[in-house]
Chemist: 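Before I ask anything, let me first share the structure, which is written out below as structure tokens.
Only a predicted model underlies this, so the values are computations on that prediction, with no experimental measurement involved.
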Amino acid sequence: MVTEKEIFHRSELLLGNETMELVAQKRVILFGVGGVGSWCAEGLVRSGIKHLTIVDFDTVNVTNINRQLMATTKTIDQIKVDALKERLLAINPYAEITALHKVFTEETAEEFSLGSYDYIIDAIDSLKDKAQLILMACKTDATLFSSMGAALKLDPTRIKVTEFWKVQGDPLARTLRKRFKSLGQFPERKFQCIYSDELLTNRGTNAIGRENGSLVQITGIFGFTLAGLVIKDIEGQIGAAQ
């Protein structure tokens with residue numbers, strides 16, 4: 001069986017042993033493992049994150065296949081977090097992957113012990129639950145990274161990272177800010193978001209409900225960028241200590 005040293009040889013060449021050891025110690029929880037979150041999980045584990053909790057209540061649907069990592073014609077109807085966990089452990093069998101087939105809501109929030117993590121990653125679609133997660137995550141000492149809307153996008157060059165209150169041109173961020181104002185509650189600290197100011201419209205005519213079109217080239221960039229922000233932040237801790 002291969003060793004972790006072998007798996008992460010190329011990563012260690014770039015980051016150094018000290019950074020890789022710190023990466024392996026960090027605890028990360030990821031909410032939502034769809035088009036964005038599934039690729040984020042892959043990026044985290046391939047970068048050396050060993051302690052990862054993935055949270056999602058959904059099962060794999062045929063319409064997920066075009067953009068979600070674990071969605072194939074062979075995994076339809078499987079629980080998403082279970083299918084993704086199998087994939088992640090195939091990458092690094094030494095990793096500790098906790099798969100929670102749950103939904104994050106105001107009622108279930110206390111079940112997740114957010115304060116026990118170093119990083120909280122928000123890739124939730126539901127506006128109400130996303131807002132609740134942001135509010136609660138910002139009360140912890142964990143670093144929060146959040147994804148805004150990745151649907152109805154085509155141009156990868158328009159994807160950006162900035163602080164939440166500086167996001168421009170993204171309907172989800174705008175709606176979140178309105179929700180915080182209507183609640184009279186605001187995130188207690190700043191946090192970084194990935195977003196795109198591009199907004200296309202659906203051209204297809206077979207949409208079901210409120211579905212919006214999306215492509216893996218965009219959702220994948222969103223997910224990998226979130227993973228990259230985590231690794232960059234950890235590497236920065238090593239630099240600050242020197």
Side-chain angles (χ1 to χ4, degrees), residues 28-47 52-88 91 97 99-104 120-127 129-130 133-134 145-161 167 169-173 175-176 192-204 206-230:
V28 182
I29 187 166
L30 165 62
F31 290 92
V33 296
V36 173
S38 61
W39 297 103
C40 177
E42 169 113 347
L44 290 169
V45 171
R46 285 193 186 273
S47 297
L52 176 63
T53 299
I54 50 178
V55 183
D56 200 298
F57 69 96
D58 210 354
T59 56
V60 177
N61 184 279
V62 66
T63 62
N64 302 148
I65 294 175
N66 83 313
R67 70 197 183 284
Q68 298 185 14
L69 173 66
M70 64 286 169
T72 70
T73 54
K74 295 182 178 180
T75 60
I76 292 172
D77 293 330
Q78 289 185 20
I79 293 172
K80 282 186 180 181
V81 289
D82 291 344
L84 182 57
K85 178 178 179 178
E86 182 177 352
R87 160 76 176 192
L88 299 176
I91 295 168
I97 310 297
L100 300 180
H101 185 219
K102 295 182 177 182
V103 59
F104 180 93
I120 299 170
I121 302 177
D122 157 42
I124 292 178
D125 292 328
S126 164
L127 174 67
D129 299 335
K130 192 179 195 74
L133 175 60
I134 290 171
F145 294 116
S146 179
S147 173
M148 297 297 106
L152 298 175
K153 319 289 184 188
L154 185 61
D155 185 352
T157 68
R158 293 176 68 169
I159 298 172
K160 308 170 187 177
V161 174
V167 173
D170 179 86
L172 179 55
T175 305
L176 275 170
Q192 296 289 107
C193 297
I194 183 166
Y195 76 103
S196 168
D197 59 7
E198 181 181 27
L199 186 59
L200 304 177
T201 57
N202 287 313
R203 296 178 185 176
N206 62 343
I208 302 172
R210 296 183 178 181
E211 288 182 336
N212 284 318
S214 54
L215 295 172
V216 69
Q217 294 91 334
I218 301 299
T219 66
I221 292 173
F222 269 58
F224 280 132
T225 300
L226 288 170
L229 290 171
V230 171

Chemist: Output all residues satisfying side chain to side chain donor-acceptor pair (under 3.5 Å) with E42, sequence neighbours left out; order by chain, then residue number.
Modeler: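 Result, side chain to side chain donor-acceptor pair (under 3.5 Å) vs E42: R46, R87.
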Chemist: If you round to the nearest 0.5 Å, how far is CG of D82 from OG1 of T75?
Modeler: 11.5 Å
Chemist: Mind checking side chain to side chain donor-acceptor pair (under 3.5 Å) for S47 and listing every partner two or more places apart, or none if nothing turns up?
Modeler: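 Expected list: none.
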Chemist: Which heavy atom in S214 sits nearest to a heavy atom in A150, and how many Å separate them?
Modeler: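 S214 and A150 have their closest heavy atoms at CB-O, 4.3 Å.
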Chemist: W39 side chain to R67 main-chain N or O, any donor-acceptor pair under 3.5 Å?
Modeler: yes
Chemist: Kindly assign one of parallel, tilted or perpendicular to the pair F104 and F31, based on the angle between their ring planes and the thresholds 30° and 60°.
Modeler: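 Ring orientation, 0 to 90° scale: perpendicular.
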Chemist: Testing L100, V81, V103 for side chain to side chain contact (heavy atoms under 4.5 Å, CB included) with F57, which one passes?
Modeler: V103
Chemist: The test is side-chain contact (heavy atoms from CB on, under 4.5 Å); show your working for L229 and I121 and say whether it passes.
Modeler: CA-CA 10 Å; L229 290 171; I121 302 177; over 6 Å; no
Chemist: Looking only at non-hydrogen atoms, find the nearest pair between A151 and N212 and report the distance.
Modeler: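 Looks like CB-CB, 3.9 Å.
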Chemist: With a 4.5 Å heavy-atom cut-off, do K130 and L172 have their side chains touching?
Modeler: yes
Chemist: Who passes salt bridge (charged side-chain N to carboxylate O under 4.0 Å, His left out) against K80, sequence neighbours left out?
Modeler: D58
Chemist: Please assess L152 against N202 for the test side-chain contact (heavy atoms from CB on, under 4.5 Å), listing each intermediate value before the final yes or no.
Modeler: CA-CA 7 Å; L152 298 175; N202 287 313; 3.4 Å; yes
Chemist: Are the side chains of L226 and L30 in contact, using a 4.5 Å heavy-atom criterion?
Modeler: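 No; the side chains remain at least 4.5 Å from each other.
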Chemist: Supply the atom-to-atom distance I124 CD1 to D129 CG, rounded to the nearest 0.5 angstrom.
Modeler: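 Going from the CD1 atom of I124 to the CG atom of D129 covers 6.0 Å.
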Chemist: Let's go through I120 and L133 carefully: what are the C-alpha distance in whole Å and the side-chain angles of both, what is the deciding distance for side-chain contact (heavy atoms from CB on, under 4.5 Å) to 0.1 Å, and is it a yes or a no?
Modeler: CA-CA 9 Å; I120 299 170; L133 175 60; 4.2 Å; yes
Chemist: Out of curiosity, I79 CD1 to K85 NZ, how far, rounded to the nearest 0.5 Å?
Modeler: 11.5 Å
Chemist: List the residues meeting side chain to side chain donor-acceptor pair (under 3.5 Å) with N64, not counting sequence neighbours, and say none if there are none.
Modeler: none
Chemist: Compare every heavy atom of A41 with every heavy atom of I54, then report the nearest pair and how far apart it is.
Modeler: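 Looks like CG2-CB, 4.4 Å.
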Chemist: Nearest 0.5 Å, please: how far is CG in L84 from CD in Q78?
Modeler: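 These two atoms lie 11.5 Å from each other.
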Chemist: Could you tell me whether a side-chain N or O of Q68 sits under 3.5 Å from a main-chain N or O of S38, the two making a donor and an acceptor?
Modeler: no
Chemist: What is the minimum heavy-atom distance between D170 and S196, and which atoms define it?
Modeler: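 Heavy atoms of D170 and S196 come nearest at OD1-O, 4.0 Å.
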Chemist: Please assess N66 against V216 for the test side-chain contact (heavy atoms from CB on, under 4.5 Å), listing each intermediate value before the final yes or no.
Modeler: CA-CA 7 Å; N66 83 313; V216 69; over 6 Å; no
Chemist: For K160, give me all partners under side chain to side chain donor-acceptor pair (under 3.5 Å), at least two apart in sequence or on another chain.
Modeler: D197
Chemist: Atom CD1 in I218, atom CG in D155: separation rounded to 0.5 Å?
Modeler: 7.0 Å
Chemist: Could I get the full list of salt bridge (charged side-chain N to carboxylate O under 4.0 Å, His left out) partners for D56, not counting sequence neighbours?
Modeler: none
Chemist: Nearest 0.5 angstrom please: M70 CE to I65 CD1, how far?
Modeler: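 Taking CE in M70 and CD1 in I65, the distance rounds to 11.0 Å.
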Chemist: Between S147 and F222, which heavy-atom pair has the shortest distance, and what is it?
Modeler: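 The pair with the smallest heavy-atom distance is OG-CD2, 3.4 Å.
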